[in-house]
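Just so you know, these numbers come straight off a predicted model, no measurement behind them.
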Amino acid sequence: MKKEENEARLEKLKRIVSALPEKPGSYQYYDAEGTIIYVGKAKNLKSRVSSYFHTEVDRFKTKVLVSKIYDISYTVVNTEEDALLLENSLIKKYNPRYNVLLKDGKTYPSICVTNEYFPRIFKTRTINKKWGTYYGPYSHVGSMYAILDIIKELYHPRTCNQPITKEGVNSGKYKVCLDYHIKKCMGPCMGKQSYEDYQKNIQQAREILKGNTRQVLRDLKEEMLRLSEELRFEEAEEIKRKYLALEGFVSKSEVVSHTINNVDVFSITSDEKVAFINYLHVSNGSTNQSFTIEYRKKLSESDEELLQLGIIELRERFKSNAKEIIVPFEMPEILTDVKFTVPKMGDKKTLLDLSIMNGKQYKFDRLKQAEKLNPEQKQVRLMKELQDLLHLPKMPYQIECFDNSNISGSDAVAACVVFKKMKPSKQDYRKYNIKTVVGPDDYASMKEVVYRRYKRLIDEEQPLPDLIVADGGKGQMEVIRQAIQDELNLDIPIAGLAKNDKHRTNELLYGFPPRVVGMKDTSELFRVLTQLQDEVHRFAITFHRDKRSKHALHSELDDIKGIGPKTRDELLKALKSVKKIRNTDMTELADIIGQAKAKIVYDYFHA
């Protein structure tokens, strides 16, 4: 776009903004093609919309949005609540490019109670309100199956798909199926169960699906007492069985306090790109609905804005009329006749904590699903987590770790292990024989190896690591720092993995002087760092063991120039020992290994 065209565009928009009313409402931004690209709400339209066009706006995403605006329209409403409702409906209708993207849970299953003569109860992912009444959706499928199981156990609703009519039952058109014989159905199709009794069961099942389990329990108890007073003990025993089964089911659900009834609970868990809003509905002290929605952020939306949007969306979806809403922070009164509560302690705080836990678990589950589809996402997340934990200047793509191995100073070796993208890069592993250190001096050995490693990388102009990890505590970190900073003048971050008295890694150290970095030993990042430490220890020990084995198997024949391992093995196989080889004449040696090599061996022992 030319400069003159852009100035004309901005001038037109400023004229529109200057004419906006100072009233609550919803505003819409359009692009050059006339498509709505953003929908917003405001308590004061003029003040809110004009804020987008201030020169001091420093948010990059907001600047991008403003550069795409060619026209503005608005709708005035009476209250801020109406503005929020209108914004919600317009976002769902037009799905604007720069509004948060609602990742709808339409694929979650619901429970359907059909409108048939003898209703059926089953799970479904297809919503058609002509078929019946739907309860859900259920983001936790296990909870849905638990409810279905208790309904089947208590009421035995029919599972067959045949269309049953009153006329068909009266004429004896139907026959009972296997479910009747195994006592999973009471046979209403053949009049084995009356229409009134079946409908009574369905009505109680509906109450359970609504979460009114306490009321169902009270009704069952009253009926049980009435039947026992009428001396109908067998029927009373059947009602008692249902009562105990339902009571056991209710005891497993989250019960807080029977004084809390018809309350909504909302919480939000968010990061830079996505927000998860969890919704709980509490009835008679029990949570009978839990659902989480996901919003993909397009601009720099605040948690307060997103939570307002989520409250409107979820209350509308689940037809909630609760007069109290529990939230994690203070919010404007966006709904009339509704009280917002921010609990600090007690049963309501317990409910809020439960909602927050559900939101975090949902976020964790979504992250795991994404990482299964894209393993690199997990590696980037761990690198970013380590970067934030240690305040590194960049993500630690390449991490190197060192370890020494010797026995009383003999056969002293060291090893360097390289991790790239939090995974072992075995082609970059390196082994080192200690050259300048005499005796068992781990610090001096570490300093020698680190210096040799990075002096060579500098000379060969190879890339340096983003982080060095010492297999040890403060002492090892200090000698690495001396080699890196004092002698090579390099600026590479250095960390250490210290062990406790039981020789188990329990601390991550960083900085100079080193300090303990708080990290849970059950976290995924801690497991990766422990894997790094275990790998360098294994590699160093293996190298040391191989070197000791070679010394143990060393023969005097290995010192003869011109005689290789194959010739050595042929001589030892034929003559059994070096002493016998030394005393063997030239002719016999030539028969075993040939004239030329026999001369070399004979001359070595008889020089």
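Remark: side-chain polar atoms of K455 are not paired, donor with acceptor, to backbone N or O of L488 under 3.5 angstrom. For the pair Q533 (side chain) and L497 (backbone), a donor-acceptor distance under 3.5 Å is present. N358 contributes a side-chain N or O that, together with a main-chain N or O of L354, makes up a donor-acceptor pair within less than 3.5 Å. Here the side chain of K297 pairs a donor or acceptor atom with the backbone of D271 at under 3.5 angstrom.
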* To do: Let me see the working for R481 and D486 under side-chain contact (heavy atoms from CB on, under 4.5 Å), right down to the final yes or no.
  => CA-CA 7 Å; R481 187 200 65 78; D486 297 347; 3.2 Å; yes
* Asked: D471 and Q476: side-chain contact (heavy atoms from CB on, under 4.5 Å), yes or no, with the steps?
  -> CA-CA 7 Å; D471 178 29; Q476 299 279 18; over 6 Å; no
* Residue pair R317, F291: steps toward the side-chain contact (heavy atoms from CB on, under 4.5 Å) verdict -> CA-CA 11 Å; R317 176 179 296 190; F291 194 74; 3.1 Å; yes
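Within a 6.0 Å radius of CZ in R538, other residues, nucleotides and ligands contribute more than 12 heavy atoms.
Judged purely by distance below 3.5 Å, without hydrogens or angles, the side chains of Y432 and E448 never pair a donor atom with an acceptor atom. Inspection of the T269 and K363 side chains reveals no N or O donor paired with an N or O acceptor under 3.5 Å. Remark: the E535 side chain and the Q531 side chain contain no N/O donor-acceptor pair separated by less than 3.5 Å. One side chain, Y454 or E400, offers a donor N or O that lies under 3.5 Å from an acceptor on the other. Using modelled atom types and a 3.5 Å distance limit, the side chains of N278 and S355 yield a donor-acceptor pair.
Put simply, CZ on F526 and CG on L508 are 8.0 Å apart, with the number rounded to the nearest 0.5 Å.
Scored by the side chain to side chain contact (heavy atoms under 4.5 Å, CB included) test, V528 finds L382, M422 as partners (sequence neighbours excluded).
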